[in-house]
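Chain letters run A, B, ... following the sequence lines, proteins first and then strands; every chain starts at 1.
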4 protein chains.
Amino acid sequence: MSPRRVDKTARRQQILDAAVRVFARRGFAASRIEDVAAEAGIAKGSVYMYFGSREEILRAAFEALASAMDRLLEGALSGTGPALARLDALIRDVLASIAAAPDLARVLLDLWGSGRDGDGLPLDMAETYGRYRAAVAALLAQAAAEGEARPGVGEAEATVIVGAIEGCVLQWLIDPRVPIGELAEPLAAVCLHGVRGRDA
Amino acid sequence: MSPRRVDKTARRQQILDAAVRVFARRGFAASRIEDVAAEAGIAKGSVYMYFGSREEILRAAFEALASAMDRLLEGALSGTGPALARLDALIRDVLASIAAAPDLARVLLDLWGSGRDGDGLPLDMAETYGRYRAAVAALLAQAAAEGEARPGVGEAEATVIVGAIEGCVLQWLIDPRVPIGELAEPLAAVCLHGVRGRDA
Amino acid sequence: MSPRRVDKTARRQQILDAAVRVFARRGFAASRIEDVAAEAGIAKGSVYMYFGSREEILRAAFEALASAMDRLLEGALSGTGPALARLDALIRDVLASIAAAPDLARVLLDLWGSGRDGDGLPLDMAETYGRYRAAVAALLAQAAAEGEARPGVGEAEATVIVGAIEGCVLQWLIDPRVPIGELAEPLAAVCLHGVRGRDA
Amino acid sequence: MSPRRVDKTARRQQILDAAVRVFARRGFAASRIEDVAAEAGIAKGSVYMYFGSREEILRAAFEALASAMDRLLEGALSGTGPALARLDALIRDVLASIAAAPDLARVLLDLWGSGRDGDGLPLDMAETYGRYRAAVAALLAQAAAEGEARPGVGEAEATVIVGAIEGCVLQWLIDPRVPIGELAEPLAAVCLHGVRGRDA
DNA sequence: GATGAATGAGCATTCATTCAT
DNA sequence: AATGAATGAATGCTCATTCAT
């Protein structure tokens with residue numbers, strides 16, 4: 001009448017957190033369900049009570065990442081104040097968000113490569129990055145309207161800025177010695193003024 | 001040396017090329033030795049005459065990529081003329097190099113994530129990117145000395161520029177609709193002058 | 001005995017009925033305890049309050065089938081009137097009994113194959129069929145004594161008659177388009193007179 | 001240049017034979033691929049060089065059985081002489097064929113129950129038995145035309161005769177003490193003349 | 001050199017059964 | 001009594017690697 005009670009959502013999150021730690025450590029390809037279960041402190045079979053397959057766990061990690069990103073983009077887009085200041089804040093927020101959840105960030109290394117022919121992971125990474133670029137492009141357009149960016153900046157420049165952010169993250173993922181925490185400043189500076197500087 | 005005998009090196013290259021096509025298509029994790037052999041038009045077992053293991057093929061692809069990159073960096077560093085012009089040329093060259101060998105470039109998606117705990121692939125991606133940053137940093141330092149970059153630009157800005165380049169490549173790898181061929185111009189412009197523009 | 005409490009026996013029967021429907025649909029091998037529980041409208045664990053194992057449910061189905069058959073055989077043996085008429089009636093009764101409980105009948109498909117090496121199901125199907133043949137043989141012997149069957153009919157002919165009945169059932173189980181309901185007549189006719197007919 | 005040579009067909013047959021022995025012994029459901037491989041004296045993985053899945057082995061057994069049966073039916077249909085004699089011969093041939101390959105015959109126990117909802121085995125057992133009945137019906141029709149069977153015998157009587165044959169096999173499969181080898185005679189006698197006998 | 005048949009370790013997934021509540 | 005979350009043994013199938021020819 002009063003069966004064992006569990007918070008399904010919490011348990012699922014617990015497993016996802018464990019999986020993210022494992023994926024971060026060994027990469028998705030080398031991560032066995034058994035590793036995930038062990039990290040979560042449960043039995044192998046129990047993982048399947050919360051996730052239908054190994055791939056589904058990766059997809060859940062992707063969704064966590066994508067929705068965190070969407071929240072940031074949403075914030076930047078709906079904020080008030082000069083567009084360039086909001087772009088600057090977005091850059092800082094993205095880097096801070098990444099640095100705050102480094103294990104989750106490392107899953108990006110597996111996510112970027114997913115969605116190809118045989119892997120059963122149609123994650124629509126492409127669409128996520130498309131939204132990312134669109135948001136930055138919107139900020140740039142606003143900045144141009146405000147006279148704070150040169151006219152004509154658009155999709156291409158948005159791609160460069162998104163690239164710069166993600167490229168910094170990439171380098172930190174490849175080499176943790178890259179000081180991600182100190183990159184927001186120069187990143188924003190270069191994107192806004194270039195290396196020649198405001199008055200070079 | 002008999003005309004019947006295929007050059008060992010050529011045969012190895014033939015297999016590597018085939019592998020790169022397969023890896024590009026399905027990702028390294030989903031690529032079977034048999035797929036590679038079939039793509040190369042040889043038998044599965046023959047692959048092992050030229051590569052000791054599946055991972056070694058990936059390592060060979062990495063080396064091809066890394067040495068191409070080194071050649072580019074070498075060129076930029078040893079070139080003459082203003083440093084900033086050479087940085088601009090380097091950006092264009094890297095993108096052109098990527099666009100010229102898109103299959104090889106796609107292997108980056110697998111390479112970036114390699115070298116973790118369980119995968120037997122100590123590729124030293126980190127060191128390669130370190131050299132990349134060092135080269136760009138050297139160019140920046142020279143530019144600063146030439147009065148073409150604001151004083152103080154250094155490692156951090158180099159990280160941003162390398163990030164911008166690789167981040168653009170990343171976006172194109174994720175979504176081939178990203179026009180990699182048209183990105184050199186805005187990439188250089190943003191890195192050099194920012195989105196505010198030369199005279200914003 | 002409280003009105004709230006369901007009768008143990010009734011609950012067991014409810015589960016068995018559900019199991020029979022599930023077994024009929026998917027076969028025993030493909031039937032999960034969870035399917036049975038769902039069909040019965042109870043929880044998975046509750047099944048084990050009434051049956052010790054998955055196999056035990058199949059055994060219970062066997063027993064239902066076997067005792068129904070025994071009842072029929074008993075009736076034919078203890079009946080009065082000419083033996084051949086009672087054999088004729090038995091044939092009709094068996095087919096009617098099968099047709100009246102088609103789901104239970106389908107379990108035969110799993111039962112026939114059970115009792116082998118690894119399946120933990122020593123059902124003694126063999127003995128049941130032995131009793132079946134013995135009953136028919138007894139009727140035949142009586143008929144011969146009554147001058148209604150040719151002398152010498154015995155175990156072999158009983159096997160043929162049991163075979164004809166069960167073989168018709170088998171064909172209907174394999175292909176439901178076989179009109180089991182219309183087979184009693186020709187079945188009795190062939191067994192009694194052959195295809196040459198009474199006066200061929 | 002001269003790789004290890006094997007007769008693929010012979011090897012496949014060797015595995016199938018081994019599988020049939022294992023299926024006969026333990027039933028298909030309880031037969032593991034590893035059992036089959038061990039019985040064949042090869043490694044587990046090697047089985048998959050010749051069969052795509054466990055089910056495919058069962059299907060191959062079915063096909064062997066079905067084509068043997070088809071050969072027999074073909075022979076009976078295309079034979080010369082009185083139809084009833086050919087039916088008589090068919091009955092004997094089927095029993096002899098079964099008795100000659102008892103392991104293969106035991107697979108029938110698994111085949112009869114296959115093809116249901118969840119088992120991924122659309123073997124068309126129904127169609128095979130349909131052809132079986134059609135052949136017997138054709139012989140009966142001919143016999144009727146020849147005045148050797150009573151007019152009106154048809155599909156129903158064919159079902160009974162097929163049933164009698166298969167039902168005898170069934171009983172022998174359930175209980176090997178049933179003397180399949182001695183059943184041809186009484187089987188033919190009953191089917192042709194009934195238990196009342198030619199002149200009862 | 002080349003081949004491709006054979007191997008067997010490895011792993012995702014399933015599911016009967018248990019038991020804390 | 002009833003539940004259903006948890007377990008972990010079991011097993012189908014894959015595929016890198018080996019090696020006899």
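The nucleotide whose nearest atom lies closest to any side-chain atom of A:M49 is, among F:dG4, E:dT13, F:dA6, F:dA6. Out of E:dA12, E:dT7, E:dG1, the shortest distance to the side chain of A:I33 is found at E:dA12. Side-chain proximity of C:E55 to E:dT17, F:dA2, E:dT13: nearest is E:dT17.
Mapping D:G45 and C:R54 onto DNA chain E by nearest heavy atom places D:G45 at the nucleotide closer to the 5' end. Taking the nucleotide of DNA chain F with the nearest heavy atom to each of B:A29 and A:K8, the more 5' of the two is matched to A:K8. Positionally, the nearest nucleotide of DNA chain F for D:S31 lies more toward the 5' end than for the other of D:S31 and B:E34. Annotation: of the two residues near DNA chain E, C:S53 and D:G41, the 5′-most nearest-nucleotide partner is D:G41.
Distance CZ (C:R12) to C1' (F:dA2): 18 Å, rounded to an integer number of Å. One can place CG of D:L58 at 15 Å from C1' of F:dG12, the figure rounded to the nearest angstrom. Counting to the nearest Å, the C1' atom of F:dC15 and the OH atom of D:Y48 are 13 Å from each other. Rounded to a whole Å, the CD1 atom of D:I42 is 19 Å from the P atom of E:dG4. Separating the CZ atom of B:F51 from the C1' atom of E:dG1 is a distance of 16 Å, rounded to the nearest angstrom. Between C:I15 atom CD1 and E:dA16 atom C1' there is a gap of 15 Å when expressed in whole angstrom units. Between D:D7 atom CG and E:dA5 atom P there is a gap of 12 Å when expressed in whole angstrom units.
One finds no side-chain N or O of B:K44 lying less than 4.0 angstrom from the OP1 or OP2 phosphate oxygen of F:dT18. Between C:R11 and F:dA2 there is a side-chain N or O to OP1 or OP2 distance below 4.0 Å. Between D:Y50 and the phosphate of E:dA6, there is a side-chain N or O to OP1/OP2 separation shorter than 4.0 Å. A sub-4.0 Å separation between OP1 or OP2 of F:dG12 and a side-chain N or O of D:R32 is present.
E:dT21 is paired with F:dA2 under the criterion used here, namely a Watson-Crick or G-U wobble arrangement in which both key atom distances are under 3.5 Å. Across all strands shown, F:dA16 pairs with E:dT7; the Watson-Crick or G-U wobble distances both stay below 3.5 Å.
Here CG of A:L170 is found 7.0 Å from CG of A:L109. Values are rounded to the nearest 0.5 Å.
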Next item on the list: Starting from the C-alpha separation in whole Å, work towards a yes-or-no answer on side-chain contact (heavy atoms from CB on, under 4.5 Å) for C:I15 and C:E39.
Entry: CA-CA 8 Å; C:I15 294 170; C:E39 178 80 23; over 6 Å; no

Check: Going through the distances and angles, do B:K44 and B:V36 end up as a side-chain contact (heavy atoms from CB on, under 4.5 Å)?
Finding: CA-CA 8 Å; B:K44 185 166 41 150; B:V36 172; over 6 Å; no

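With a 6.0 Å cutoff to the six-membered ring centre and a 45° limit on the axis angle, B:R54 counts as a cation-pi contact of B:F28.
Between A:R116 and B:D110 a salt bridge is recorded (basic side-chain N to carboxylate O distance below 4.0 Å).
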